[in-house]
Amino acid sequence: MSWDLTGPVWEIAPTLLGAVLSHGPVGVRLVEVEAYDGANDPASHAYRGRTARNAVMFGPPGHLYVYFTYGMHYACNVACGPDGVASGVLLRAGEVIEGAEVAQARRGNSKVRDLARGPGRLAQALGIDRSLNGTALLGGGVVSLSRRPGPGPDRIEAGPRVGVSVAADVPWRFWIAGDPHVSTYKRSPRAATDFTR
DNA sequence: CACTAGATGCTCT
DNA sequence: GAGCATCTAGTGA
């Protein structure tokens, strides 16, 4: 079940759609991701080089990069690229398919459909915080990423990334077409470039 | 439904 | 101190 995450991150990102990320009793089927290409991507945390925060992205692939933002939210990424090359896939949204009661308790009064609809919500539903930063995802640990048997997603669409203020014209956001669990957030108001489909 | 504004604290300059 | 890879509650139609 080896999983090659060392190729170009924009090619790897869509292959994560439909996979399941689980932490303890809670499992989430990924329906929306975004690619961040480290040193070549001005929107990436790793664009300006290695820091204490983004060190995991520079490490070997298949590890969890957790960061904290907007004062109240965590977000999860899968580090990609070979050791020493910084790239990652932000897990933006998913469908809770296991442990919905636990996730709901953590999220308060939230509809099941909204439990992991957005990066901050997804992290909260899974109970992921900074203590899990750097965790290996492919070795069968407490946090694991795995493909599910059966066919993959029917159709995948791509578009501009959400919430980033630069390079918004690069269509590196990927989601499962028509899936109700995809987040509906608008692009950053700072992102001036138009995207027309 | 669409849109706006405020919360909130870590990280890097 | 400024700027966030965000979310929620509020308003108005």
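Letters go in sequence order (proteins before strands), and every chain restarts at 1.
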Do we get A:Arg147 above A:Trp3's six-membered ring, with its NZ or CZ under 6.0 Å from the centre and within 45° of the axis? yes
ring-ring contact (aromatic ring centres under 6.0 Å, His included) between A:Phe68 and A:His73, worked out: CA-CA 6 Å; A:Phe68 188 79; A:His73 299 289; 8.1 Å; no
Got a sec, which residues hit side-chain contact (heavy atoms from CB on, under 4.5 Å) with A:Asp41, two or more places apart in sequence or on another chain? A:Tyr36, A:Asp37, A:Ala43, A:Ser44, A:Arg161, A:Ala167, A:Trp172
Expressed in angstrom and rounded to an integer, what is the separation of [X] atom [atom1] from [N] atom [atom2]?
{"X": "A:Phe68", "N": "C:dC4", "atom1": "CZ", "atom2": "C1'", "answer": "12 Å"}
{"X": "A:Tyr74", "N": "C:dC4", "atom1": "OH", "atom2": "P", "answer": "21 Å"}
{"X": "A:Leu91", "N": "C:dT6", "atom1": "CG", "atom2": "P", "answer": "13 Å"}
{"X": "A:Arg92", "N": "C:dT6", "atom1": "CZ", "atom2": "C1'", "answer": "9 Å"}
{"X": "A:Trp10", "N": "C:dA5", "atom1": "CH2", "atom2": "P", "answer": "21 Å"}
{"X": "A:Leu64", "N": "C:dA5", "atom1": "CG", "atom2": "C1'", "answer": "15 Å"}
{"X": "A:Tyr47", "N": "C:dA5", "atom1": "OH", "atom2": "C1'", "answer": "16 Å"}
{"X": "A:Arg117", "N": "C:dT8", "atom1": "CZ", "atom2": "P", "answer": "11 Å"}

Are more than 12 heavy atoms from other residues, nucleotides or ligands located less than 6.0 Å from atom CG of A:Asp83? yes
Would you please confirm or rule out a distance under 4.0 Å between OP1 or OP2 of [N] and any side-chain N or O of [X]?
{"X": "A:Arg53", "N": "B:dG9", "value": "no"}
{"X": "A:Thr69", "N": "C:dC4", "value": "no"}
{"X": "A:Arg161", "N": "C:dT6", "value": "no"}
{"X": "A:Arg121", "N": "C:dT8", "value": "yes"}

Checking all strands, does A:Ala43 fall into the base, sugar-phosphate, or nothing category for heavy-atom contacts under 4.0 angstrom? base
With the criterion being N/O to N/O and under 3.5 Å, what pairs connect the protein with nucleotides 5-8 of chain B, and how long is each?
unit_1: B:dT8; atom_1: O2; unit_2: A:Tyr70; atom_2: O; d: 2.8

Whether the A:Ser183 and A:Glu32 side chains hold a donor-acceptor pair (N or O, under 3.5 Å, no angle test) is what I'd like checked. yes
Please tell me whether A:Gln124 and A:Arg106 have a donor and an acceptor in their side chains that are separated by less than 3.5 angstrom. no
Expected output: side-chain A:His23 to main-chain A:Leu126 donor-acceptor under 3.5 Å: yes
Between A:Arg113 (side chain only) and A:Pro180 (backbone N and O only), is there a donor and an acceptor less than 3.5 Å apart? yes
Which nucleotide in the list B:dC12, B:dC10, C:dA5 gets nearest to the side chain of A:Arg130? B:dC10
Among C:dT8, C:dT6, B:dC10, the one nearest any side-chain atom of A:Pro119 is C:dT6
Can you tell me which stems DNA chain C forms, taking runs of 3 or more consecutive Watson-Crick or G-U pairs with both distances under 3.5 Å? B:1-7 with C:6-12, B:9-12 with C:1-4
So, taking the atom named CD in A:Glu95 and the one named CG in A:Asp179, what distance separates them when rounded to the nearest 0.5 Å? 6.5 Å
Within this structure, what is the CD-CG distance for the pair A:Glu34 and A:Leu16, rounded to the nearest 0.5 Å? 13.0 Å
